[in-house]
Protein chains: 2
Amino acid sequence: MTTNRRSGPHRPATIPDVAREAGVSRSTASRALADYGSVSPEARERVRAAAQKLGYRPNQLARSMITGRTHTLGAVVADIQNPFFAGVTRGITDAARAAGYQVLLANTDEDPAAERAAVKTLRDRHVDGLIVSPASTTDTAHLTAAHTGGCPVVLLDRRVPRLDLDSVTVDNHGAAQDAVRRLLAVGHRRIALVSLVGNDAADDPVDPGSTGLARMAGYRAALREAGIDDTGTYLRTGAFHGQDPALLARDLLDSPAPPTAVFATDSLVALGVLSAARELSLRVPEDLSVITFDDTDWARAVRPRISVVAQPVQELGAQAVRALIARVEGGTHPPEHTTLPTEFIERESVARARNRA
Amino acid sequence: MTTNRRSGPHRPATIPDVAREAGVSRSTASRALADYGSVSPEARERVRAAAQKLGYRPNQLARSMITGRTHTLGAVVADIQNPFFAGVTRGITDAARAAGYQVLLANTDEDPAAERAAVKTLRDRHVDGLIVSPASTTDTAHLTAAHTGGCPVVLLDRRVPRLDLDSVTVDNHGAAQDAVRRLLAVGHRRIALVSLVGNDAADDPVDPGSTGLARMAGYRAALREAGIDDTGTYLRTGAFHGQDPALLARDLLDSPAPPTAVFATDSLVALGVLSAARELSLRVPEDLSVITFDDTDWARAVRPRISVVAQPVQELGAQAVRALIARVEGGTHPPEHTTLPTEFIERESVARARNRA
DNA sequence: ATGAAAGCGCTAACAG
DNA sequence: CTGTTAGCGCTTTCAT
């Protein structure tokens, strides 16, 4: 049995077939079809007609082998099931398609080894470039190797200090600072930050990653601005309680001098805060004001509706694609670090501070 | 400038390089590397060593051109941002990777034209097979064409009546029937079904798709079983109110003889029901019992926690991958239709019926 | 068990 | 503007 020559009536037409049908040479047919070089209008028309008639579809594999381009991008993210990455991925696939690229998807679950493996497999598949939300701040040799090896890499959502690669991130510091300022503005002084530590529900109990760090820094900056020097008392980074946000929050809210407002660094944490509040019979926002990162479906459906810091998730993905394609298509400019603004969406979960027993 | 021959110190090693280094012919090197045919143990070892030394990585493109296999699967889903499809996609990518395949992702937004385009592009990319959650029950010619054209297709989540392709779906009828039975069992008689119509928040206001249809049929069957013949009064398929679930629910709950229990066909609808209930000062579950499809994060974090019909989302994707790979690797058995069971997770949103004013 | 040679479908130098 | 001629990197008969 021949391996790849389709038997049966409809063997896919190839360039020689089209050329024969059009009465020109393969090169001319190729030029006409791929639209490069110079071809006389009439020849071009004959080729187009022949291709049409034979139902010719170019073999991208063969083309890629020559051009060295597959028009395929690799997306290496932590977990597509995380709404944040789902949105980002949506932005990536849409922007890629619009630019004529397809996307190979890989999940890492924040595991650097899985990330390395994914990068390797995708490079073996000859992706033209890689979009990665790095799982580690230190284990990044495979990323630089890819980049210098001709497979450009764009960092998504997380910046890595000494890595000179393009990055597209969100202004986490500013967003957190702004949110906390709003709480301060309505009289809150005992403001907590609750986080699961790490990047969006990461497993790593040590490394808060660039996003977590930035959010904490923004929180502290806002407090300091307001003359609050002790910025650590109400900072909860959840390496305890087996990462259960509700327990973490309960512990915090049930303490002697509980906070009057909570800033949650992601929506899962916010859910924990909300249910802890309900268990302790604290009303939101009367007894406790709440702001969270990420505008999920439930934040605007629940009562009271929750005020949030919305991240431009799709735009994040789209910008990463644009930056990457710029590199793929030859850009040699110095690394660009794009920071996207967040949007504060005011709803009903924040009230003026008042005393609690 | 030569197009594809990498300049610089590290031109990727090819088979000839390895063969030379090992002192054998290309064919032998190829056989040893790809592990087929017969190669003497010593030669094999020399080749392995040479490959190792030169950091040889096989060019999958070239290999694919010959073997006709890319070890790449295409996943064509409605919307990766929908938690249902996010979970399914997670299952797909994981199962694929475990079997040595990668996944190209495409979104359709329930648009048949987008689906056709995606199928075309993916086939051009020579995917070995396609997993599709079809956007239309009728516009499916491109699917059969792909399948008979050597690119096997597995239907995901939705079955299409006259399409003889493998399918992996969930027992929507049984799940709905079971949920409604539970409501009947605790005394409810006025039980509503609220749906956005169509498959998981589809745009199409006409075609409820196989999943929507099955859920409604299960609902009606349960009612009929209980001797309730009028199964249409409390059936709301949301082609009104601009698809806003909260308005739909409000309308329903604010009627003269409102239902005492609601079965929501997806979590977004449930959120609408919940907020409508709160606006009307109806307590859950005392005044209104609620069950919804899909076990989202908020369903178990909110108070009261919501009883749900959980779908095996990841398993759905994984099974589809297995079925597809079976075809890709030559299976010629008749189409298989796999139906996965759902799981009812009892929490606190259902109470015994009592009279309402 | 091994090597020589053919070729997958396409593009890209280079002549004409 | 067009055709001829080489390959891309790999697998796979077919001899040996």
Side-chain angles (χ1 to χ4, degrees), chain A residues 1-7 10-47 50-51 54-71 123-126 150, chain B residues 1-7 11-48 50-51 54-71 123-126 150:
Chain A
M1 167 193 138
T2 51
T3 312
N4 41 1
R5 190 178 301 252
R6 275 245 201 310
S7 51
H10 279 325
R11 200 205 60 175
T14 68
I15 289 234
D17 298 331
V18 174
R20 202 176 307 121
E21 177 78 23
V24 298
S25 74
R26 298 189 299 215
S27 350
T28 304
S30 181
R31 281 188 278 255
L33 260 6
D35 212 49
Y36 74 96
S38 8
V39 185
S40 72
E42 21 174 354
R44 162 159 305 160
E45 201 31 62
R46 289 226 306 288
V47 171
L54 300 179
Y56 170 77
R57 318 248 61 218
N59 183 329
Q60 303 291 354
L61 254 35
R63 173 175 292 179
S64 293
M65 224 169 79
I66 305 231
T67 60
R69 305 263 75 105
T70 53
H71 282 257
R123 289 193 65 188
D124 279 353
R125 291 278 201 288
H126 288 236
Chain B
M1 168 191 135
T2 52
T3 312
N4 43 359
R5 189 177 302 252
R6 273 242 204 313
S7 52
R11 201 204 60 174
T14 68
I15 289 237
D17 297 331
V18 174
R20 200 175 309 120
E21 176 77 23
V24 298
S25 73
R26 297 190 297 219
S27 345
T28 304
S30 179
R31 281 189 277 256
L33 259 7
D35 213 47
Y36 75 95
S38 16
V39 184
S40 72
E42 21 174 354
R44 162 159 307 160
E45 201 30 63
R46 288 226 306 287
V47 171
R48 282 215 203 293
L54 300 180
Y56 169 76
R57 318 247 63 219
N59 183 330
Q60 303 291 353
L61 252 36
R63 173 174 291 179
S64 292
M65 222 169 81
I66 305 228
T67 62
R69 304 263 75 104
T70 53
H71 283 259
R123 289 193 66 189
D124 279 353
R125 291 277 200 291
H126 288 235

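Given the structure is predicted, the values throughout are model-derived calculations rather than measurements. To find a chain, count down the sequence lines: A is the first, B the second, and so on, and within it residues start at 1. As a basis for the values below, the full set of heavy atoms in this structure was taken, side chains included, without hydrogen atoms, waters or symmetry mates.
Distance B/H126 NE2 to C/dC8 P: 14 Å, rounded to the nearest Å. Whole-Å rounding puts the B/I66 CD1 to D/dG9 C1' distance at 8 Å. Atom OH in A/Y56 sits about 4 Å away from atom P in C/dC10, given to the nearest Å. In this structure, the CD1 atom of B/I15 is 14 Å from the C1' atom of C/dG3, given to the nearest Å. What separates NE2 of A/H71 from C1' of C/dT11 is a distance of 14 Å, to the nearest Å. Counting to the nearest Å, the P atom of D/dG9 and the CG atom of B/L54 are 14 Å from each other. When the P atom of D/dT11 is taken as reference, atom CG of A/L61 falls 13 Å away, rounded to whole Å. A/Y36 has its OH atom 12 Å from the P atom of C/dC10, to the nearest Å.
A pairwise comparison of heavy atoms in B/A29 and B/V24 identifies N-CG2, 4.1 Å as the closest pair. Here the closest non-hydrogen pair linking B/L33 and B/A51 is CD1-CB, 4.1 Å.
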| request: Kindly indicate, with the supporting measurements, whether the criterion side chain to side chain contact (heavy atoms under 4.5 Å, CB included) is fulfilled by A/N59 and A/T14. | output: CA-CA 8 Å; A/N59 183 329; A/T14 68; over 6 Å; no
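Annotation: the span from B/R44 atom CZ to B/D35 atom CG amounts to 5.0 Å, rounded to 0.5 Å. From A/T28, atom OG1 reaches atom CD1 of A/I15 across 10.5 Å, with rounding to the nearest 0.5 Å. Rounding to the nearest 0.5 Å gives a distance of 11.0 Å between CG of B/L61 and CG of A/D124. In this structure, OG1 on B/T70 lies 7.0 Å from CZ on A/R125, to the nearest 0.5 angstrom.
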Contact list (N/O, under 3.5 angstrom) for nucleotides 4-6 of chain D vs protein:
unit_1: D/dT4; atom_1: O4; unit_2: A/S27; atom_2: OG; d: 3.0

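Considering only side-chain atoms of A/V24, the nucleotide from C/dC10, C/dA1, D/dG3 that sits closest is D/dG3.
In this structure, B/R63 reaches the D/dT11 phosphate: one of its side-chain N or O atoms is under 4.0 Å from OP1 or OP2. Residue A/T14 has no polar side-chain atom (N or O) positioned under 4.0 Å from OP1 or OP2 of C/dC8. Contact annotation: A/T67 does not reach the phosphate of C/dT11 (side-chain N/O to OP1 or OP2, under 4.0 Å).
Within the 4.0 angstrom heavy-atom criterion, base atoms lie near B/S30. The residue B/S38 sits close to a base: some heavy atom pair falls under 4.0 Å.
Distance alone, capped at 3.5 Å, places no donor-acceptor pair between the A/S30 side chain and the A/R26 backbone.
Side-chain contact between B/P58 and B/R63: present, with at least one pair of heavy atoms (C-beta onward) separated by less than 4.5 Å.
Across the helix from C/dA1-D/dT16 to C/dG16-D/dC1, the helix axis at one end is tilted relative to the axis at the other end by 40° (nearest 10 degrees, each axis from five pairs).
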